[in-house]
Amino acid sequence: MEELKITGTVEKIIYKNESNGYTVALLNTNTGNETVTGYFSFVNEGESIELIGSFSDHPTYGRQFIATKVGKVQIVTKAAILKYLSSGVVKGIGPATATKIVERFGDKSIDIIENHPEELSLISGISKQKALSIGEEYKKNYGIKDLMMLLSPYSFSMERCVKIYKVLGENCSDIIKENPYSLCSEDIGVSFETAEKIAYDLGIDKDSEMRLGAGIEYIVSSNLSNGHSCLPKEKIIQVAVKLLESDYYRIEGVCDRLVSSMRLYSFKIDNSEYLALPRLYNSERYSAARLLSMANMRSVSGMVEELEIDYVENRLGIKFEDNQRNAVKMAFLSNIFILTGGPGTGKTTTLNAIIEIFERRKMDIVLTAPTGRAAKRMTELTGRNAKTIHRLLEVEPGDGQIRKFSRNESNPLKADVVIVDEVSMLDSLLFESLLRALSPDCRLILVGDYNQLPSIGAGNVLGDIISSGCFNTVCLKTVFRQAKESAIILNAHAVINGEECNLSNKTSDFFFITKHSSAETADTVLDLCVERLPSTYNIDAINSIQVICPSKKQATGTYNLNNLLQAYLNPQNNKPQLSFKDVYYRPGDKVMQTKNNYDIEWEKDNGERGCGVFNGDVGIIKSVEKSLGRLTVKYDDKTVVYTRDMLDDLDLAYAVTVHKSQGSEFDYVVMPLFGVPSKLRFRNLLYTGITRAKKMLVLVGDKDMFRQMASNDRKTLRYTMLKHFLEKYNEDVR
């Protein structure tokens with residue numbers, strides 16, 4: 001089809017999809033009005049545009065010009081300027097103010113706003129402060145518009161462009177033109193394939209050092225989401241050769257130059273070379289050195305006498321087994337102590353005894369956990385206030401996912417003892433931030449279940465610390481009599497010990513419903529959540545039941561089940577809804593924050609204000625304001641307002657992945673097990689899912705799949721550095 005070019009002034013915006021940028025407009029050309037369509041939501045009424053595309057006859061709407069590219073966008077006439085400013089596109093200018101500006105400055109109005117905004121204060125009703133604010137707002141709009149024009153051929157949504165603008169700043173278009181691979185940064189997350197298309201169109205040489213270097217860095221950074229804080233150099237080269245279609249030695253040379261320029265760091269483990277991003281390398285190296293330094297500090301609390309443990313036993317009305325008594329003693333022998341074990345083995349009882357003895361010695365104790373739900377559970381189990389690590393460290397507003405904390409080396413926590421629960425969830429960067437906030441003589445007690453999945457973020461903190469053998473560690477293994485009454489706990493231990501589970505035995509809290517297809521499994525999950533469990537146990541389906549899935553995709557994954565569960569548990573029924581990437585958000589929906597956002601604001605019921613919503617936080621949508629493109633979510637006692645450009649970090653949470661469920665317990669858990677991808681058929685994933693249930697677990701699907709996962713004790717491989725540095729520095733000290 002022949003490509004044509006038309007120019008004209010936008011008379012009217014007929015339709016605009018704010019989610020994906022698709023727009024229908026009426027364009028006044030020199031031959032008459034034309035209906036034009038395409039992805040150019042950044043264009044406003046009154047602007048003159050140049051469109052490249054072709055004409056088509058729509059069966060319903062008739063003749064249309066379908067634009068594939070947008071050329072120049074400008075405002076050329078006095079009338080067009082008035083129409084543009086009156087549209088409200090520039091914050092602070094309405095129709096009345098627009099008229100005053102155009103009457104005074106005529107066809108120079110845009111130049112005045114952009115380059116000499118202070119002159120707007122000559123107009124009655126516009127203060128100097130407001131004038132400067134209008135100028136800043138126009139520059140912001142222009143910057144985003146310029147960016148949208150640059151990226152419109154690549155189907156970037158308006159929300160994505162706004163996010164890019166926030167990260168790269170007002171010169172974002174120039175930055176991208178110079179280096180389109182800057183879009184692949186972690187904070188932006190554009191795929192390397194998309195950056196490649198932009199680079200090709202910009203004429204960047206396929207063999208350029210910039211492209212090859214960016215590709216190698218992308219391989220390393222994209223693997224952070226797989227939990228790897230570093231990668232073997234050989235693996236990086238092998239992947240890069242295929243991805244970049246280059247030869248081995250050229251890629252190897254670029255890797256070496258990236259190391260020389262300190263864009264990557266190199267180190268060796270057992271004669272194999274590994275590469276890491278500087279911030280991860282420095283983070284895990286710092287954590288290793290700091291842990292060993294703290295462990296070598298002389299203890300000020302002394303040893304625990306048997307009589308002290310006896311006293312706590314009598315006060316709590318319990319009897320410790322030998323390993324628990326040993327754990328209490330070990331907690332006082334060093335400034336670093338690790339307590340681990342599965343469900344029902346007495347971790348909480350042991351921890352409460354340790355806390356009580358510290359309190360009897362008048363020591364300041366701080367309890368913390370990686371997520372809000374984990375901290376809440378810690379509070380319930382210990383009877384003492386626990387905070388999230390982010391709240392403890394007093395997170396400050398920052399740029400999206402970049403951490404900034406008030407508590408650090410220069411402003412440490414006032415604590416003699418810090419106890420961290422659910423350490424298996426703790427990623428390397430957050431652990432580093434915690435260590436930086438501890439005074440040199442502070443005690444650190446790490447509590448967790450090393451058989452659970454490692455953190456969503458990069459690193460394997462608990463696993464590396466335990467396997468290094470550098471610190472006092474006690475693993476509780478005995479399942480107590482009361483816990484043995486729970487088939488959930490017994491089967492969890494059977495799974496992790498490689499023992500056979502009796503899946504045919506129907507108990508009061510553990511059930512397996514066999515199904516023979518993904519569709520049958522999904523239908524049964526739906527029936528359990530909507531009808532059977534709520535009616536049988538008189539419970540609220542949304543708040544009491546949690547569906548936990550091994551994966552996101554397929555009929556039994558979170559994507560499909562979230563859509564099904566939403567349709568039945570929270571149907572539209574004329575409720576206002578906001579669409580984003582094929583997801584509809586309504587009042588009453590259960591949602592989850594999927595990335596750390598350190599600058600999002602919240603307000604508590606008591607009026608307290610603060611910043612930060614974090615990966616894994618679950619809440620309920622309270623209101624949707626479609627006309628304003630925003631919605632309000634309630635997280636426990638915090639209320640957060642999301643604008644449309646923030647919805648990329650929000651998901652429906654009727655069904656969540658096993659990874660996302662970590663650190664939380666739910667009364668009733670339904671877990672589909674059919675067609676699980678081979679890369680997820682691991683024992684620790686199955687174990688983590690099982691141990692999320694408190695009152696009841698219902699597994700639905702294929703018993704052979706259960707057995708496959710239970711028999712696969714090969715844990716998901718993670719390349720990390722913490723263990724290496726701990727062993728290296730510990731050896732150096734010796």
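The first residue in the sequence is number 1, and the count goes up from there.
Remark: K638 does not engage E608 in a salt bridge, criterion side-chain N to carboxylate O under 4.0 Å.
Partners of R692 under the salt bridge (Lys or Arg N to Asp or Glu O under 4.0 Å) rule, at least two apart in sequence or in another chain, do not exist in this structure. Judged as a ring-ring contact (aromatic ring centres under 6.0 Å, His included), and not counting sequence neighbours, F666 has no contacts. Evaluation of the side-chain contact (heavy atoms from CB on, under 4.5 Å) rule for T37 yields Y22, V24, Q64, I66 as partners, not counting sequence neighbours. The ring-ring contact (aromatic ring centres under 6.0 Å, His included) check on Y568 picks up nothing, with sequence neighbours excluded. Here F192 pairs with Y181, Y218 under the ring-ring contact (aromatic ring centres under 6.0 Å, His included) rule; sequence neighbours left out.
Counting heavy-atom neighbours within 6.0 Å of K695 NZ, excluding the residue itself, gives a total of 12 or less. Taking a 6.0 Å sphere around CD of E601, one finds it holds 12 or fewer heavy atoms contributed by other residues, nucleotides or ligands.
Inter-residue side-chain proximity for I164 and I176 is flagged as met; some heavy-atom pair is nearer than 4.5 Å. Taking the side chain as every heavy atom from C-beta outward, E422 and T371 never approach each other to under 4.5 Å.
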N/O donor-acceptor pairs under 3.5 Å from side chains in residues 650-657, not counting sequence neighbours:
unit_1: Y654; atom_1: OH; unit_2: D589; atom_2: OD1; d: 2.5
unit_1: T657; atom_1: OG1; unit_2: K660; atom_2: N; d: 3.2

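A donor-acceptor contact under 3.5 angstrom links the side chains of T632 and S623, judged on distance only.
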